[in-house]
Amino acid sequence: MKIGYPCLNRGIGCTANSTFRLANYSASRFLTTVQNNLSCLRDILRYNIDHGLLFLRISSDIIPFASHPVCTLNWRKTFNKELAGLGKLIRAHRMRISMHPDQFVLLNAQRQNIVDKSVRDLDWHCRFLDSMGMGDDAKVQIHIGGVYGDKPSAIDRFTRTYRRLPLFIRRRLVIENDDRLFTVRDCLDIHRTTGIPVLFDNFHHACHNDGESLRTALRQTACTWKTTDGPPMLDYSSQQPGARRGKHAESIDIDDFKEFLRASRGWDGDIMLEIKDKEQSALKAVELIRKAAAGSPRIRQ
DNA sequence: AGTTGTCAAGCTAGT
DNA sequence: ACTAGCTTGACAACT
């Protein structure tokens, strides 16, 4: 079981998701920004290796405006050496990588223009992972999209668009249940017709579900991942006390996490902690799991 | 130096 | 028909 945190490390003193305003775009600004982001990504990977955090989500800002028409530079060629080096480091330590394009990627949009832009965005995410030499277990996670007043049609549009995607995108794409529109059951329906793996988000499931228990949802989503996809990925979070329902916690609620681990016994996968203080909570989670492993008696063969 | 509004992109719910 | 909220970090313009 690998533990990770998304996109940025708050203590390391650099960010791998530095960007700029589109109005300020220039080739040199783009190149220095990407150079700095890749360099910081190496620092983050080093930190994670040293601290036993072997799961990382890389920010979509690593290559700013990568799918925008303004971006005509061949960044994969320019940074070929850096990207290959990062990939080598990741593979040497058997780290798991994910990416999560944001809410504007909508494969089931009604407007073709939006679908096209979304595919372009998935395209660069997958090429980025390809250029680091990542295997099929490095995933790009998205939500289903909008409902547009008719969920069956929205699901059908998703399915038809998915089937037309090139293989280098399909091999990486996974879908995640969201907190308002598409539940685990909806995602499983799409899995049945497409084979796409379902990434389970425990917090979204708590906000919006069809009555399944956590264990049932874990079991059902886990078996959507083929061997080549790697172990199932999972987004874990809990409610920030006193805040709006659906607001992610500032810091890990270690009792809630313990309870989650107990409830998920038998489930095996990699956990992404979607918690505001990032690596601090991830370190606590790793510590907890280490202690639990050390404290529990070895199972006799 | 610190604070506040804004940022490429879209959907939904509420007015 | 229109707008606020989503959810979020960082940029950029302003004190």
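The chains referred to below are lettered A, B, ... by the order of the sequence lines, with proteins before strands, and numbering in each begins at 1. Because the structure is a prediction, the values reported are computed rather than measured.
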_Please determine whether salt bridge (Lys or Arg N to Asp or Glu O under 4.0 Å) holds for the pair D270(A) and K139(A), giving the CA-CA distance in whole Å, both sets of side-chain angles, and the decisive distance to 0.1 Å._
CA-CA 12 Å; D270(A) 297 330; K139(A) 297 301 187 190; over 6 Å; no
*May I have the distance from I63(A) (atom CD1) to dA8(B) (atom P), rounded to whole angstrom?*
18 Å
*asked:* Tell me the interatomic distance from L181(A), atom CG, to dC11(B), atom P, rounded to whole angstroms.
replied: 11 Å
*When clusters are formed from ILVMFWY side-chain contacts under 4.5 Å, directly or step by step, what else is grouped with I114(A)?*
L106(A), Y148(A)
*Between atom CG in L106(A) and atom C1' in dC11(B), what is the gap in whole Å?*
7 Å
_Could you tell me how far apart R157(A) (CZ) and dC11(B) (P) are, to the nearest whole angstrom?_
10 Å
*Look at the rings of H204(A) and H248(A) and say which category their plane angle falls in: under 30° parallel, 30 to 60° tilted, over 60° perpendicular.*
perpendicular
_One thing to verify: whether D229(A) and K226(A) come together as a salt bridge, which I'm taking to mean a side-chain N less than 4.0 angstrom from a carboxylate O._
yes
*Can you tell me how far P in dA12(C) sits from the matching atom in dA8(B), rounded to whole Å?*
10 Å
*How many Å lie between CZ on F30(A) and P on dA8(B), as a whole number?*
16 Å
*F65(A) near the nucleic acid: base, sugar-phosphate alone, or nothing, with a heavy-atom cut-off under 4.0 Å?*
base
_Rounding to an integer number of Å, can you tell me how far D178(A) CG sits from dC11(B) P?_
14 Å
*Rounded to the Å, how far apart are I142(A) CD1 and dA9(B) C1'?*
15 Å
*So which heavy atom on T72(A) is nearest to which on Y25(A), and how close?*
N-OH, 4.5 Å
*Pick the P atom in dC7(B) and in dT3(C), then give their distance to the nearest Å.*
15 Å
*asked:* Counting only heavy atoms and a strict 4.0 angstrom limit, can you tell me which residues of residues 108-125 of chain A come near DNA chain C?
replied: none
*Which residues pass the salt bridge (charged side-chain N to carboxylate O under 4.0 Å, His left out) test with R120(A), sequence neighbours left out?*
none
_Side-chain donor/acceptor of H191(A) to backbone N/O of C223(A), under 3.5 Å_ = no
*Just by protein heavy atoms under 4.0 Å, how would nucleotides 8-15 of chain C read 5' to 3' in B, S and -?*
SSBBS---
*Are the ring centres of F30(A) and F20(A) closer than 6.0 Å?*
no
*Among F257(A), F55(A), F203(A), W267(A), find the one that has a ring pair (Phe, Tyr, Trp, His ring centres under 6.0 Å) with Y236(A).*
F257(A)
_Qualifying disulfide bond (SG atoms under 2.5 Å apart) pairs, either residue in residues 37-78 of chain A, two or more places apart_ = C14(A)-C40(A)
*Decide, applying a 5.5 Å centre-distance limit and a 30° plane-angle limit (both strict), whether F104(A) stacks on dG10(B).*
no
*State whether the side chain of R96(A) and the backbone N or O of D137(A) hold a donor-acceptor pair below 3.5 Å, judged by distance alone.*
yes
*Could you provide the dot-bracket string of DNA chain B, using ( ) for intrastrand pairs, [ ] for crossing pairs and | for bases paired to another strand, with Watson-Crick or G-U pairs below 3.5 Å?*
|||||||..||||||
*Separation of dT12(B) C1' from K151(A) NZ (nearest whole Å)*: 13 Å
_Span that lies between the P atom of dT3(B) and that of dT8(C), in whole angstrom_ = 22 Å
*Using a 4.0 Å heavy-atom cut-off across all strands, classify V147(A) as base, sugar-phosphate, or nothing.*
sugar-phosphate
*In plain terms, say whether K284(A) and E287(A) are close enough for a salt bridge, that is, a side-chain N and a carboxylate O under 4.0 Å apart.*
no
